[in-house]
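Presented below is the structure to which this report refers.
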Amino acid sequence: MKLPQIDPERLEQEWQADQDVLANLARNGDRSGIPRAIDVSFRGSEDALERLTEKASSFGFVVLDREEPEDGQPFLFLEREQKSDEASIRALTKTCLQIEIMFGVEYDGWGCEAKTGLIH
């Protein structure tokens with residue numbers, strides 16, 4: 001599968017937001033080298049989200065949930081196991097922006113819990 005080129009400005013915008021999330025994780029004691037479930041969300045038409053659901057595994061994702069707001073387009077939540085270091089998150093964001101182009105959806109960001117390595 002040929003992946004589309006993404007706008008470098010858009011990637012940089014998303015990277016600025018990613019750095020805020022990474023800084024917040026670090027303040028909470030996150031050890032970015034520990035793999036964990038990272039979720040991403042996309043918003044789009046029913047058809048677009050259905051096509052993405054069918055292909056999610058080819059990008060390493062499993063489908064978590066769908067949310068149908070009363071007003072506006074539905075959300076699709078995907079998840080994959082990976083590290084939260086800068087290189088891994090930058091690669092994740094690039095993949096999500098490529099998905100956005102390929103499926104005609106809107107990437108809405110990522111999230112995860114901080115992993116400290118301590119058992120609670």
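Since we're looking at a predicted model, the values are computed, not measured.
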Q. Less than 4.0 Å between a side-chain N and a carboxylate O, is that true for E67 and R43?
A. no
**Message:** Please determine whether the number of non-hydrogen atoms from other residues, nucleotides or ligands lying under 6.0 Å from atom CZ of R36 exceeds 12.
**Reply:** yes
| message | In the structure I gave you, are the side-chain heavy atoms of E14 and I6 within less than 4.5 Å of one another anywhere? | response | no
Looking only at heavy atoms, the pair that brings K115 and I34 closest together is O-CD1, 3.9 Å
Smallest heavy-atom separation, K83 atom then S32 atom, equals CB-O, 3.3 Å
Is I101 close to Q5 at the side-chain level, that is, under 4.5 Å between some pair of heavy atoms?
-> no
Between the CG atom in L52 and the CD atom in E100, the distance rounded to the nearest 0.5 Å is 11.0 Å
Nearest heavy-atom contact between P69 and P74 is CD-CA, 3.7 Å
In short, M102 meets P4 closest at the heavy-atom pair CG-CD, 3.4 Å
Heavy atoms of Q82 and S88 approach each other most closely as NE2-O, 3.3 Å
When rounded to the nearest 0.5 Å, the distance separating NZ of K94 from CG of L92 is 12.5 Å
- Query: Got R90 and D18 here, is their nearest side-chain heavy-atom distance under 4.5 Å?
  - Reply: no
Next item on the list: Say whether F42 and L64 are linked into one hydrophobic cluster, either directly or through other cluster members, by side-chain heavy-atom distances under 4.5 angstrom.
Entry: no
The reported gap from CG in L97 to CD in Q13 (rounded to nearest 0.5 angstrom) is 9.5 Å
Rounding to 0.5 Å, atoms SG (C112) and CG (L22) come to a distance of 8.0 Å
According to a hydrophobic-cluster definition based on side-chain heavy atoms being under 4.5 Å apart (Ile, Leu, Val, Met, Phe, Trp, Tyr only), do V63 and I38 belong together? yes
* Report yes if some heavy atom in the side chain of L78 is under 4.5 Å from a heavy atom in the side chain of F59; otherwise report no. => no
- Given side-chain contact (heavy atoms from CB on, under 4.5 Å), test T93 with Y107 step by step and report yes or no. CA-CA 9 Å; T93 298; Y107 171 55; 4.1 Å; yes
Between the OG atom in S84 and the CD atom in E113, the distance rounded to the nearest 0.5 Å is 12.0 Å
| said: With heavy-atom distances below 4.5 Å as the criterion, would you say the side chains of W15 and I89 are in contact? | reply: yes
Interatomic distance, CG@L3 vs OG1@T95, rounded to 0.5 Å, equals 7.0 Å
message = Could you check whether Q16 and E12, counting side-chain N and O atoms only, form a donor-acceptor pair closer than 3.5 Å?
response = yes
All heavy atoms of G33 vs all of P35, minimum pair found to be O-CD, 3.3 Å
_Student check: side-chain heavy atoms of K55 and F103 closer than 4.5 Å_ = yes
